[in-house]
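Below you'll find the structure, written out as structure tokens, and then a few comments.
Not measured: the values here are computed from a predicted model.
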Amino acid sequence: MIRFITAGESHGKGLTVIIDGMPAGVPISIDFINQELKKRQIGAGSGGRQQIEKDEVEILSGVRFGKTIGSPISMVIWNKDSANWGDKISVEVQSDEVKDSARITAPRPGHADLAGVQKHGLDDVRDVLERASARETAARVAAGAIFKQYLLTKAIEIASHTIQIGDIYVDSSYSFEDIKATYEKDTEIRCVDPSKSREMKQLIQRARMDKDTLGGVVETWATGVPAGLGDYSQWDTKLDGLIAQAMMSIQSVKAVEIGSGIKNAENYGSEVHDEIHHNESGYFRKTNRAGGIEGGVTNGMPIVVRVYHKPISTLYKPLQTVDIQTKKTADATVERSDICVVPRAGVVSEAMLAYVLAREINK
């Protein structure tokens, strides 16, 4: 069974990921992994951290002569910004003066800050935010690049694009080839519609000027997926449920949609369900409102998943909160952050979808 875990703090020495259960003989390109990491760093709405880091992976085990060897794969992405933090992020015991210099007591509304402090009985929000930070997704992207290369051996491709930022959304039709081309054609927004892309970029610029943040929607497709993945017989084996859990685990994601599930809810069944046809090639559907999954099982159509990102919790014009030490009203802490993650978040959704599919195929 393929599985992976990540470790590392946002400003610690680095992020690590361990992948277990990968079969032997899968061709692995480090350049491919680094290209995926680059996609996560470049895009409109990014913050200052992306100017510091240049994420590149170092594979420590599990790959030899360019192929997996069946043993656990371990990788590390070193954090360049860690050098700027010195003892403030040290694993060694430090003086109260050093600890106080990095202490945070004003949790941000919408973030894991207060919930994490309450869960573990902590007195410093930094102990929570360092791990809850979306910096962790760099490790997921590195893992996803391994899973993607495995899926390519099965002729399965995955790509994503931005379909909404704020109240600007794409309402034109597009193909998988259009989606794949967005990174090269529109590095900043990754939108299939140039006019909508310009509007989205202007909206992000306005939010930056207002010291506010924006959310939006990323759509991810997987093509070449065979019918029969997942299972209808148990609640915890349904593929759409597994995908939804994986996507909901991404920082700032608050809703997941399979196919046109949200739109389907307002229509009649006759307007929703994908009619079944057959020819010399087998069964097929002319529409894909189900997003490639029926009853928890793939039906041979492309898998289509949308994730809804809330606006980022760190505001440069902070909201009110309560200081966990004094219990008095205070302005929430301001950590260096993005204005909008949506243009860069697609590659994270791709990574998580690749994980679920690789895991199912390898069962």
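Taking the charged nitrogens against the carboxylate oxygens, E36 and R40 have no contact shorter than 4.0 Å, which rules out a salt bridge. Using a 4.0 Å cut-off between charged side-chain N and carboxylate O, D212 and K317 make no salt bridge. The pair E188-K201 meets the salt-bridge criterion, with a side-chain N (NZ, NE, NH1 or NH2) lying under 4.0 Å from an Asp/Glu carboxylate O. Using a 4.0 Å cut-off between a side-chain N of Lys or Arg and a carboxylate O of Asp or Glu, D55 and R135 qualify as a salt bridge.
Remark: the backbone N or O of V57 is paired with a side-chain donor or acceptor of N34 at under 3.5 angstrom. Judged by distance alone, with hydrogens and angles left aside, the side-chain atoms of T298 form no donor-acceptor pair with the main-chain N or O of G300 at under 3.5 Å. A donor-acceptor pair under 3.5 Å links the side-chain atoms of D178 to the main chain of S175, judged by distance alone.
There is no side-chain donor-acceptor pair under 3.5 Å between N267 and R289. Residues D31 and S29 have side chains that never bring a donor and an acceptor to within less than 3.5 angstrom of each other. For the residue pair T329/Q320, the side-chain donor-acceptor check at 3.5 Å is not satisfied. Between the side chains of E219 and Y174, at least one donor-acceptor pair of N or O atoms lies under 3.5 Å.
With S197 as the fixed residue, the side chain to side chain donor-acceptor pair (under 3.5 Å) test singles out one of D186, T162, T182: D186.
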Can you list the steps and then say if Y183 with H161 is a ring pair (Phe, Tyr, Trp, His ring centres under 6.0 Å)?
CA-CA 8 Å; Y183 179 70; H161 64 134; over 10 Å; no

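No more than 12 heavy atoms of other residues, nucleotides or ligands lie within 6.0 Å of NZ in K13, so this atom counts as exposed by the packing criterion.
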